[in-house]
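See structure below.
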Amino acid sequence: VERTKVVCPFCSVGCSFYIVSDRGRYVSVEYFTESPVNEGAICPKPNDLSFLVSPHRLTKPMRRTESGWREISWSEALREVADRIRDFVSKYGPDSIGFFVSVKMFNEEGYVAQKLARLLGTNNIDHICRRTCQFPTIIAGKECAGVGSITGTFRDIAESDVVVLWGINPAETFPILMGKYIMRARERGAKIIVVDPVKTRTAWKADLWLPVLPGTDVALANAIMHVLIKERLYREDFVRERCEGFEALARVVEKYSPEYASKICGVSPHLIREAAYTMARAERGSIIWSTGLIHNHQATDCCRALYALAALLGWYGKEGTCVGGLKGQNNVEGLVHMGVAPTALPGGYSLGDEVNRKRIAREWGVEDLPSAPGTNMLRMYEAIDHGDLRMLYIMGANPVLSEPNTQYVAEHLKKLEFLVVQDLFLTETAQLADIVLPAAAWAEKEGSFTSVERRVQWSFKALDPPGEARPDLWILVELAKRLGLERFFPYTSPEDVLREINRVVPSYGGVTPERLKSSKEGILVPCPSPDHPGTRVLCRDRFGTKSGKFVFKPVEYVPPPIDVSSEYPLILVTSRVVGMWHTRSMTGRSSYLVERWREPEALVGVETAKRLGIEDGHRVRIETRRGGIEVRVRVSDKVREDVVVLPWHWGANRITDQELRDKDSGVPAFKRVPCRIVVVGR
Ligand code: SF4
């Protein structure tokens, strides 16, 4: 029996634990108490990894035929995929193909996937989290502070005097962050402020709960800034020395008195003032957010407003401060750094940055790389409609359930001339593929993940993959060989790829395989050289903007283009539960988790339930412009009366709307969908 250290494959906190195995077969999980991140604790999801030994794992490549799936050999499958790629590229150009990558891939795999796309001549490569959650934070972070990551670490959150949790419910979605860091801050006497339309398990622990109307966060943030400026409670020295654009900000927030903003956001003027005073008293504080802030029609503006609020408070560049949006999946941060994006290269360089584009090209052994922006994931559907995109290669993602309006997504994938899906299971997306390639799970291979606090850690191989399932890296390298690109992919291991990343991505220059594999705590990037200790706090002396100063980007509240009406009078907010993960492709196949989290429950306010004549346990149909979904109801005094909350893991995206989006990032407004409730059974 062996114990092997792995990094958790679910959320981006970066917990590690041991997998106990017997001759390559999964036995159990054991706690790794020396982990600096989770100190042995883990949440329910990795406690049940029985999905790894599910009889439904894919074990052979398969081709769709008229009479159903037919198993084929790897060489047949790879030859067919390579032939079709070559065919599309020569007939219609490289932009007729696209790659859609899972953010559970190791850094090394994501890096190789984007390199393959670019060497084929296209920037059509994207991943789901970029388009459904993190992009507004990145846009706003780059504009205001010149950063795309959170500016501190979890330890800084624990050392804050005030922790503002805005549209984030870590008790359910990042449980170890809540239990180990936010609660530690609270025990030290820090004040916790939660902004959420629901009194979540996180809000129970808060000193102040601000029950904001979904999608009106800009008005609330502007009102808090109004109080700070009007009452001269902001850090004038920090603003004078390290920021620019303050006058414009002051002009915009002038009209957002707590009384005015309260009419928009539904939070009482008294609570708005109390929040502003509590924040102003703290020398060191953190503001972190997640999808509750971002899944609305003004997502990027919301992030601009929160970056500005933190700057007024002087909460940048020192220990005990941490500002930014938490990316959800375990390696979103890493794949951003690896350039898995249609508009950014490894290291985050824009395609228009000729010096770095050519430097990377030279490193790869070619003269230049494609410089035209690729088609992002959301545009891919339009590109399919126009006949511009003909083939899609999806690795480990399940857009049929994770994108808004399931039917719209499935219809478009069916229109493709060729669809390849590489995954562990025959997911809802894989069922639409022409070729399915069986992939190894994360514990059946090795490589590095970068957690949301920028901590790079190595996850070791604990198990053998079932049947002929293969690591993504192996599959991509074998495919590259069949495409005649062998000389560009001379890798025999993930370590070989990481050594190339050390040369190509400056902030990973010191993240060598040797250092990473022998380190318990991992390395905080940026870490530019092997003797560099890693970076805990960003923006210490200067911001990453052109001028080195923080740039205020004032924003006005704008009502949503599609709003509640007499037909759809309530707001549907999609949510998550601690025991399930995303589209349930893994957790939905883990027996204990399925037993405990059987079905979704819609949370409905007490008065709303009374008006509709429904009680706990009744079945209702939640209807939107896109259709309806039948669920059981739980009546609760912890939710605003104008809001219905529904966990999305069980297919709630059947009724979310692909037309409701943030104008700057395209992120769907999953938490601001007009809906109604129809009673179907008591
Ligand atoms: S908090 Fe996140 S990383 Fe930690 S055990 Fe839970 S899912 Fe895994």
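For ligands, and for the atoms within them, numbers begin at 1 and follow the listed sequence.
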Distance filter under 2.8 Å, centred on atom 2 (Fe) of ligand 1 - protein N, O or S atoms that pass it: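 Protein N, O or S atoms closer than 2.8 Å to atom 2 (Fe) of ligand 1: Cys11 SG.
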Do the numbers put Arg201 on top of the ring of Trp204, so that NZ or CZ is under 6.0 Å from the six-membered ring centre and no more than 45° off the axis?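 The answer is no, since Arg201 fails at least one limit relative to Trp204.
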Mind listing the side-chain donor-acceptor pairs of residues 34-46 below 3.5 Å, one per line with the distance, residues two or more places apart or on another chain?
residue : atom : partner : partner atom : Å
Glu34   : OE1  : Lys520  : NZ           : 2.7
Ser35   : OG   : Val37   : N            : 3.1
Ser35   : OG   : Asn38   : N            : 3.2
Ser35   : OG   : Asn38   : OD1          : 2.4
Asn38   : OD1  : Ser16   : N            : 3.1
Asn38   : ND2  : Ser16   : O            : 3.0
Asn38   : ND2  : Ala41   : O            : 2.8
Glu39   : OE1  : Lys180  : NZ           : 3.2
Glu39   : OE1  : Arg184  : NH2          : 3.1
Lys45   : NZ   : Val578  : O            : 2.7

Of the non-hydrogen atoms in Glu446 and Trp458, which two are nearest, and what is the gap between them?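 Closest approach of Glu446 to Trp458: OE1-NE1, 3.0 Å.
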Residue pair Cys527 / Arg515: nearest heavy atoms and the distance that separates them: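 Shortest heavy-atom contact: SG-NH1, 3.4 Å.
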Is the Trp442 ring parallel, tilted or perpendicular to the Phe51 ring (thresholds 30°, 60°)?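 Aromatic pair Trp442/Phe51 classed parallel.
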Pair His649 and Trp597, ring centroids less than 6.0 Å apart: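 Not close enough - the centres of the two rings lie 6.0 Å or further apart.
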